[in-house]
Every structure is written in structure tokens, then in C-alpha cells.
S.K.: 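Could you have a look at this structure, given as C-alpha cells, before my questions?
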Amino acid sequence: MTVEDEVRAEAAEADAVLIGNDAELIANCWTDDWVAVDANGVTPKADIIGWIASGRLQHHSMTTVGGERILRVGDTVVLTARKASTGTWDGAAYEIEEWISQIYVRTDGRWLQAFCYKATAA
């Protein structure tokens, strides 16, 4: 299996774990210093995990729309894709399509997501 295939598999597993809304399992897919960046700024891992653990944020679906672009530089991989997702935030349903760029790093023999950038798709 190529490194690119390993990262694709890890990304698919992370999406499946995210839909399961298990905060502990999700936390294990991300590095300790993971952050998400979007139009609202930087959100640290602890915030996202806390929202999921409390039920404030729930994911119901996460689907890649079209293909993915993967760029490898040593033990770092950038995966960019358009993703459609549904869920709830504070009890209100949401449905969104976003362009997502995720940085994966090799840590203790597996690929963990270290960074996520999201931009709402037009």
C-alpha cells in the first residue's frame, strides 16, 4: 500500500469515526495540537472534542464529493477534497459542502491529522 493509500484509508476511517460521535475515538485520530481553521478563526482540538462529548455538535454524514488531491512531502501528507456533511449544532440541523485541506503526519507508525482548513463551497 502506498503512503497516499494509507492516508486515504486513515481519512475514510476518521470520517466514519466522526459520524459515530465518539469523542474519545475522534481524539485518537488527531494529534494533541490539532486545530481547525475556518472563516471564524482557529478552533483547538479540546473545543471540538468537548462539543462532541457534550452532544452540542453531532455529525450524521460525511461524504467526499468528487476526487481527492494528495500531496506528500516526506512524513507529511496534505489531503484536499470537497466534502458534504450533515449533523446538528446546538440541536439545529445543518447541511454543508466545504473544501477541506487536512495535514497528516506520521506518528508512532500511523497517520494522524494535525490540521484542518475548511472553506464553504460556493
S.K.: Show your working on side chain to side chain contact (heavy atoms under 4.5 Å, CB included) between V105 and D75 and close with a plain yes or no.
M.R.: CA-CA 6 Å; V105 295; D75 280 345; over 6 Å; no
S.K.: If the condition is side chain to side chain contact (heavy atoms under 4.5 Å, CB included), which residues does A81 pass it with, not counting sequence neighbours?
M.R.: T64, E68, L79, K83
S.K.: Residues two or more places apart in sequence or in another chain: which of them pass side chain to side chain contact (heavy atoms under 4.5 Å, CB included) with V73?
M.R.: L71
S.K.: Whether E98 and R82 form a salt bridge (side-chain N of Lys/Arg under 4.0 Å from carboxylate O of Asp/Glu) is what I want to check.
M.R.: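 Judged by the 4.0 Å cut-off on N to carboxylate O distance, R82 and E98 do not form a salt bridge.
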S.K.: Taking side-chain hydrogen bond (donor to acceptor under 3.5 Å, both in side chains) as the test, write out the residues that go with W34, two or more places apart.
M.R.: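 side-chain hydrogen bond (donor to acceptor under 3.5 Å, both in side chains) check on W34 returns Q113.
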S.K.: To the nearest 0.5 Å, tell me how far R110 CZ sits from C29 SG.
M.R.: 5.5 Å
S.K.: To the nearest 0.5 Å, what is the distance between CG on D33 and CG on L112?
M.R.: 10.5 Å
S.K.: Mind checking what makes side chain to side chain contact (heavy atoms under 4.5 Å, CB included) contact with E13, not counting sequence neighbours?
M.R.: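 E13: side chain to side chain contact (heavy atoms under 4.5 Å, CB included) contacts with E10, V17.
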S.K.: Of all heavy-atom pairs between I100 and C116, which one has the smallest distance, and what is that distance?
M.R.: CG2-SG, 3.5 Å
S.K.: Taking a hydrophobic cluster as the set of Ile, Leu, Val, Met, Phe, Trp and Tyr residues connected by side-chain heavy atoms closer than 4.5 Å, whether directly or through intermediates, do W30 and Y104 fall within one such cluster?
M.R.: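 Looking at the clustering, Y104 is in a separate group from W30.
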S.K.: Linking I/L/V/M/F/W/Y whenever their side-chain heavy atoms sit closer than 4.5 Å, directly or via other members, would W99 and V37 fall into one cluster?
M.R.: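 No.
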S.K.: Please enumerate all residues that pass side chain to side chain contact (heavy atoms under 4.5 Å, CB included) together with A9, with sequence neighbours excluded.
M.R.: none
S.K.: Between L57 and N21, what is the shortest heavy-atom contact and its length?
M.R.: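 That closest heavy-atom pairing would be O-OD1, 4.1 Å.
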S.K.: Quick one: salt bridge (charged side-chain N to carboxylate O under 4.0 Å, His left out) pairs with a partner in residues 19-29, sequence neighbours left out?
M.R.: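 Sorted result for residues 19-29: empty, none.
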S.K.: Using the rule given for side chain to side chain contact (heavy atoms under 4.5 Å, CB included), can you reason through V77 versus I103, listing the C-alpha separation, both sets of side-chain angles and the distance that settles it, and then say yes or no?
M.R.: CA-CA 6 Å; V77 175; I103 296 176; over 6 Å; no
S.K.: With S101, which residues qualify under side-chain hydrogen bond (donor to acceptor under 3.5 Å, both in side chains), at least two apart?
M.R.: T80
S.K.: Does the distance from a Lys or Arg side-chain N to an Asp or Glu carboxylate O, for E6 and R106, drop under 4.0 Å?
M.R.: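 The answer is yes: the pair qualifies as a salt bridge.
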S.K.: Test of understanding: with side-chain hydrogen bond (donor to acceptor under 3.5 Å, both in side chains), list the residues that count as partners of T76, not counting sequence neighbours.
M.R.: none
S.K.: Can you tell me which residue pairs pass the ring pair (Phe, Tyr, Trp, His ring centres under 6.0 Å) test with a partner in residues 35-64, sequence neighbours excluded?
M.R.: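 Those involving residues 35-64 are W51-W89.
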S.K.: Look up atom CH2 in W111 and atom CD in E4, then write down how far apart they are to the nearest 0.5 Å.
M.R.: 8.5 Å
S.K.: Which pairs pass salt bridge (charged side-chain N to carboxylate O under 4.0 Å, His left out) with one or both residues in residues 36-65, sequence neighbours excluded?
M.R.: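 As it turns out, the salt bridge (charged side-chain N to carboxylate O under 4.0 Å, His left out) pairs with a partner in residues 36-65, which skip direct neighbours, are D32-K45, R56-D90.
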S.K.: Looking only at heavy atoms, which two atoms of T88 and A93 are closest? And how far apart?
M.R.: CG2-CA, 4.0 Å
S.K.: Looking at CD1 of I49 and CG of L25, how far apart are the two atoms once the value is rounded to the nearest 0.5 Å?
M.R.: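 Interatomic distance, I49 CD1 to L25 CG, rounded to 0.5 Å: 9.5 Å.
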S.K.: Side-chain heavy atoms nearer than 4.5 Å, only ILVMFWY residues, links allowed to pass through others: does that put I96 and M62 together?
M.R.: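 Result: yes, single cluster for both.
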S.K.: Show, in sequence, the C-alpha distance, side-chain angles and deciding distance for F115 and V35, and conclude whether the side chain to side chain contact (heavy atoms under 4.5 Å, CB included) test is met.
M.R.: CA-CA 5 Å; F115 177 86; V35 296; 3.7 Å; yes
S.K.: Identify, with sequence neighbours excluded, every residue that meets side-chain hydrogen bond (donor to acceptor under 3.5 Å, both in side chains) alongside S61.
M.R.: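 So S61 forms a side-chain hydrogen bond (donor to acceptor under 3.5 Å, both in side chains) with T86.
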